[in-house]
Amino acid sequence: SQPCDIYAAGGTPCVAAHSTTRALYGAYNGPLYQVRRASDNTTRDIGVLSAGGVANAAAQDSFCAGTTCLITIIYDQSGRNNRLTQAPPGGFAGPAPGGYDNLADATLAPATLGGQKVYGVFVAPGTGYRNNATNGVAKGDQPEGMYAVFDGTHYNGGCCFDYGNAETNSRDNGNGTMEAIYFGNIKVWGYGTGNGPWVMADLENGLFSGVNAGYNANDPSVSHRFLTAIIKGEPNHWAIRAGNAQSGGLSTYYNGPRPNVAGYNPMKKEGAIILGIGGDNSHGSAGTFYEGVMTTGYPTDATENAVQANLVAAGYAPYSGGPSGTLTPGASISLRATTACCTTRYIRHQNDNVITSVITSASSALDKSDATWVVRSGLASSSCVSFESKNYPGSFLRHRNYQLYRNADDGSALFRSDATFCPQTGRNGQGTSLASYNYPTRFIRHYSNTVYIASNGGSNAFDSATSWNDDVSWVVSPPWAQ
Ligand code: AHR
Ligand code: AHR
């Protein structure tokens, strides 16, 4: 049986069940999520390979071939239609038209589940999903539970990568008007031991790591590649639990009364559902979501332990096929253009700029070195990669104002994000395309022999949709300089 069968058997059934990777009921045979492609703006529902099974990612791959896809709907498998869609503006306006938040690129979080390729929901800052008109989700001080599986290596210090219960008007309605899982390393409110990231409860105007505002010693930094995170609450009682979704059991980081801060007992939950944002539509956060549910009633630890066992058996693993397999940290590589004009051109730096140049065996040693990069684990996320200059160690390929430069790592969070790129199969079917970590709908692209992060159509000349698929596809080649 699947997680929602386990919760039902425990007397605390799911009232919302979201996943882009698998069915959360043994009998579920409907759509998991919907994608929309850029080429013609049409949509396609992505379902399961069999009832109760994993997502049919091949259907997404064929529908999205040669174009880009966004995740437009994450369906609710519980039968209550508590689906998640593009989050509307609230206390804060999002970056998309009308103040909505961005939708997630559908291909940025590949993984495997039981050996099958699947895709998670990659939340870059500005991305958010929400449902403000739900059915059956806890309100007021009613009991509820929730778990989610995140990428524990993908997080940041922005507010607030959440999954769970929030305000129905997308505004901050005061202490106790939320109850959601938070994951990340922001220290504005609560935190635990180490430097983070931490699993905390977002209860509005506070991320809580235990009974106290601020520090609680029992909430450890935790960053499993696949992280099970749990928050549950009932009258004057709540808990934080977490574990490695790939092995072992759950640990309890907090189990006790509501925070010793006014306004959180009783709770004033409103019953909206958020993913990737704060209750007031704060959208500074990053993370990756694979699956999650919300229940009615306070689940027992035993029920959650059985869900964790189900996760371990389901078998999440990193996706190692495709382009990332050729981008091994430590390897020296060169990146060759695939557009017909330019198949002898490679990404190289010159002064601090980044351009493409024709490089051949007859090229100078300097040109060859300038066109060689050492692959590093992504400075902002080990799920992605960074490119260190071969002849300027400590300098990396990074974007600034959407143009690429070779700059020394200044250690800032912005630099690390600007210098991190997430590989995926080349958009034109050749080689690898490299999505910007912090602008994930933008890919490394050559345009007039200068290199940018470009979107497929947009306001800048270098965003031109003409030959975009070719211009963002690069063959990872043997290094010109050893
Ligand atoms: O509780 C932390 C955050 O504070 C909430 O997510 C948001 O609504 C508010 O800004
Ligand atoms: O390249 C886009 C943004 O422009 C980068 O994140 C930042 O460095 C600059 O402000």
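Indexing begins at 1, ligand by ligand and atom by atom, following the structure's order.
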> Considering Arg171, Glu204, Met200, which one's heavy-atom position lies nearest to atom 9 (C) of ligand 1?
Replying inline: Glu204
> Short list, please: which atoms of ligand 1 are under 4.0 Å from a heavy atom of Gly278?
Replying inline: 6 (O)
>> Considering both backbone and side-chain atoms of Asp280, is one of its nitrogen or oxygen atoms within less than 3.5 Å of a nitrogen or oxygen in ligand 1?
In response: yes
>> Is it the case that the ring center of Tyr402 lies less than 6.0 angstrom away from the ring center of Tyr439?
In response: yes
>> What's the separation between atom OG1 in Thr177 and atom CG in Asn175, rounded to the nearest 0.5 Å?
In response: 7.5 Å
> When the ring planes of Tyr264 and Phe208 are compared, do they come out parallel, tilted or perpendicular, using 30° and 60° as the limits?
Replying inline: perpendicular
> In terms of residue, atom name and distance, what is the protein heavy atom nearest to atom 2 (C) of ligand 1?
Replying inline: Asp202 OD1, 3.4 Å
> Which residue pairs pass the salt bridge (Lys or Arg N to Asp or Glu O under 4.0 Å) test when at least one of the two sits in residues 193-212, sequence neighbours left out?
Replying inline: none
>> Exactly one of Asn255, Asp301, Thr12, Thr295 should register a side chain to side chain donor-acceptor pair (under 3.5 Å) with Lys232. Which one does?
In response: Asp301
>> Between ligand 1 and Gly279, is the shortest N or O to N or O distance under 3.5 Å?
In response: yes
>> Any nitrogen or oxygen of Glu167, side chain or backbone, less than 3.5 Å from one on ligand 1?
In response: no
> Mind checking what makes disulfide (SG to SG under 2.5 Å) contact with Cys159, not counting sequence neighbours?
Replying inline: none
> Once the angle between the rings of Tyr155 and Phe183 is folded into 0 to 90°, is it parallel (under 30°), tilted (30 to 60°) or perpendicular (over 60°)?
Replying inline: perpendicular
> Counting both backbone and side chain atoms, is some N or O of Gly206 under 3.5 Å from an N or O of ligand 1?
Replying inline: yes
> At a 4.0 Å threshold, what atoms of ligand 1 neighbour a non-hydrogen atom of Cys159?
Replying inline: 3 (C)
>> What I want to know is whether Asp172 and ligand 1 share at least one N or O pair that is separated by under 3.5 angstrom.
In response: no
> Numbering the atoms of ligand 1 from 1, which are under 4.0 Å from a heavy atom of Ser282?
Replying inline: 10 (O)
